[in-house]
Amino acid sequence: MISPNEPGRLPSADDWSGGIDLGRVWAGIAAEVWRRRPGWTERMAARLLRSPGLARALVTTPSLLLPWVIATVVVFGVGALVSLGPGQPLVWLVAPAVAAVGIAFAYGPGIDPAWELSSSCAVPDRLVLLTRAVAVFAVNAVLGLLASVASGAVAALTFGWLLPMTAICALALAVAVAARSAIVGAGAGVAAWAIAVLAGQAAGGQLTASVTNAHADLPYLAVAGCCAAIVVYAIRPQRGLQ
Amino acid sequence: MNVTLTDIHRSFGKNKAVDGVSLQLGTGVFGLLGPNGAGKTSMLRMLATVLPPSSGEIALFGRDPRGTAARREIRRRLGYLPQSLGYYPSFTVVEFVEYFALLKEMPSAAVPKAVAAAVERVDLGAKAKAKLRTLSGGMLRRVGIAQAIVNDPGLLLLDEPTAGLDPEQRVHFRSLMRSLGESGTVIVSTHLVEDVGAACSEVALMSGGKIVFRGTAQDLTARGEGHGVGDAPLERGYSAVLAEARS
C-alpha cells in the first residue's frame, strides 16, 4: 500500500479532494484578485483616525455625487455671503453653523441613499459626518487654491473661508477621535472658531460695536430660524417605513 | 438569548406602529409575517438600533443599545438589510460590501476574505467588479444581502430579502438563511409565506402593531384547516389568523 505522502510519489487530485475546502480556497483567491489597494491618503487617514472605516468614508465623500454637489454649493454660498459682510463677528460665528447644517443635510437621511445602512453600523454616524465635513472643506480648499491663480476673489474666499474651516473641521475631527465623542469634537471646533473670530475682532477694537449693532439682529434671527428649520427637517422621523 | 424585547411600543404621531411586543429569541431563523403597515419594518429598525422605541426595553446579546459603548458593540455583530436598500451607484459590488465591512469595524486584515466570501455566497462573483448602477434589482438585493452577512453576524435582520429575486435565487437564499440560522439569530420579515415555510424554524404574525400568532410553520398551517382563503395551506393559516385578529 502506497501512502499519498510517500517519498517519490507525486500527489494526484484524488488524494486531496476530501481534505480541501474549495470554497475557502476560492474565497482566498478572489480576495486577492478583488482586493482594492488603498491609496496613500486613505492609509494615512486610517492611521491618524485609528479607523479604516472613517478613512474610507473620508476618501469616498466626493464620489457621492448629489450630496457632494449640494454640500459644495452650500459651502461656497456661505463663503460668498461671509465675504460680503466683513467685520461682522456674528456673521462669522453663524456661517460655520449654516455650512455644517448644509453638509449634514446633504449627507443625511433625505439625500444619502445608504444613510439607513450607515446608521446601523458600528462607526458612529456623527463621526462619519465630521469626516465628511473635513473632506468637503479640504477638497474645495484645494480646488480654491488652484483657482486662486486666476481670480483674486477666489483667493480671498479660499484663504479667508475654506482653509480656516478645513483647519477647524480637522481639529474637531481630531478631538472627536481622541475623545471618542463627536459632540466633544464639534464643541472643540466651535470653541476654536469663536476664539479665533472674537480675538480678531477684539484686536481691531470692533467687538463691542458689532455685537451691539441693532440693525444686524433681524438677519441673524432669520439665519438662526433657517438653521433650526433645516435641522428639524433633517432629523424628522422617516414616513412610510413603519 | 440574542434578542429580548419587553413591552416595546413605537408611535409615529398618533399612529401606533408597534404596540406592546414582547419577544425572546435564540439561534434559528425567525419569520415575521404580516400585512402592509403591521409594524414589521418598525420592529426591524428598532432591532437594528436605527429607531429607538417610544417605550419598552430592548436587549441585544444581553446589552442595552441605549448605551453608546454597548450600541457600538452590538452593531459590530449585527447584519441589516433594510426594506429599500440605498446604494452608491458609482461603487462596485466589492467596494460597497467592503465599505460596510469597514464601517462595521471588522479587522482590516480580515476584510478582503470576508468580502470575497460574502459576494460568493450570494452568487455575485461574476459581477464583483461591476458598478452598482449597472445591476438589476435582484442583483442589488443580493448585494444588500452580501453587506448584511459580511461580518458573519450573530443577529441578522432581513426586511423583504427575497423581493426581486428569481425562483432559483430564492431557493439558494433560503438555504443560506438556514445555514446562517445554525450559528446566529436570523429575523426575516416577508410577505412570501413560502419563504417562511421553507426556511424558518419559528414564525410570528403581526397585525396592527401586535404579535397575534407565534409558533412553527406547521402550527400556522394547522390554524388554516377549514379556512377558505388562500391557495396554499400556509396561506390559509395566515389568512385565518389575520381574520381572527381583526374580528
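Owing to the predicted nature of the structure, the values given are computational and were not obtained by experimental measurement. Proteins get letters first, then strands, A, B, ... in listed order; numbering begins at 1 in each. Computation of the quantities below employed the complete heavy-atom set of this structure, encompassing side-chain atoms and omitting hydrogens, waters and symmetry-equivalent molecules.
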Most contacts with chain A, counted as non-hydrogen pairs under 4.5 angstrom, among B:A116, B:G125, B:A101 = B:A116
If you tally heavy-atom pairs under 4.5 Å between each of A:A57, A:C121, A:G53, A:P52 and chain B, the highest tally belongs to A:C121
Just wondering, do B:V50 and A:E116 contact through their side chains at under 4.5 Å, heavy atoms?
-> yes
Does A:S119 offer a backbone N or O that forms a donor-acceptor pair with the side chain of B:R75 under 3.5 Å?
-> yes
Atom group of B:V111 that falls short of 4.5 Å from chain A, counting heavy atoms = neither
If you count the non-hydrogen atoms of other residues, nucleotides and ligands that lie under 6.0 Å from CZ in B:R214, is the total more than 12?
-> yes
Any side-chain heavy-atom pair from B:R72 and A:P124 closer than 4.5 angstrom?
-> yes
Other residues, nucleotides, ligands: >12 heavy atoms within 6.0 Å of B:R178 CZ = yes
Chain A contacts, top residue of B:M43, B:R121, B:K113 (heavy-atom pairs, under 4.5 Å) = B:K113
Specify which of A:V128, A:T60, A:L64 makes the most heavy-atom pairs with chain B at under 4.5 Å.
-> A:L64
A:S118 versus B:F100: any side-chain heavy-atom pair under 4.5 Å?
-> yes
Look up atom CG in B:L103 and atom CG in A:L54, then write down how far apart they are to the nearest 0.5 Å.
-> 8.0 Å
Go through the atoms of B:Y80 and report whether side chain, backbone, both or neither lie under 4.5 Å from a heavy atom of chain A.
-> both
A:A114 versus B:G86, closest heavy-atom pair with distance | CB-O, 3.6 Å
Any side-chain heavy-atom pair of B:P82 and A:L117 under 4.5 Å | yes
With a 4.5 Å limit on heavy-atom distance, are the side chains of B:V115 and A:W34 in contact?
-> no
Does the pair A:R56/B:E95 count as a salt bridge with the N-to-O cut at 4.0 Å?
-> no
Can you say whether B:K129 sits under 4.5 Å from chain A via the side chain, the backbone, both, or neither, judging by heavy atoms?
-> side chain
Please round to the nearest 0.5 Å and tell me the distance separating atom OG of A:S120 and atom CZ of B:R71.
-> 12.0 Å
Let me know if A:A46 has heavy atoms under 4.5 Å from chain B in its side chain, its backbone, both or neither.
-> neither
Would a 4.5 Å heavy-atom cut-off, applied to side chains only, mark A:S63 and B:Y88 as touching?
-> no
Under 4.5 Å from any heavy atom of chain A - which part of B:E73 = neither
Between A:D125 and chain B, which part of the residue has a heavy atom less than 4.5 Å away: side chain, backbone, both or neither?
-> neither
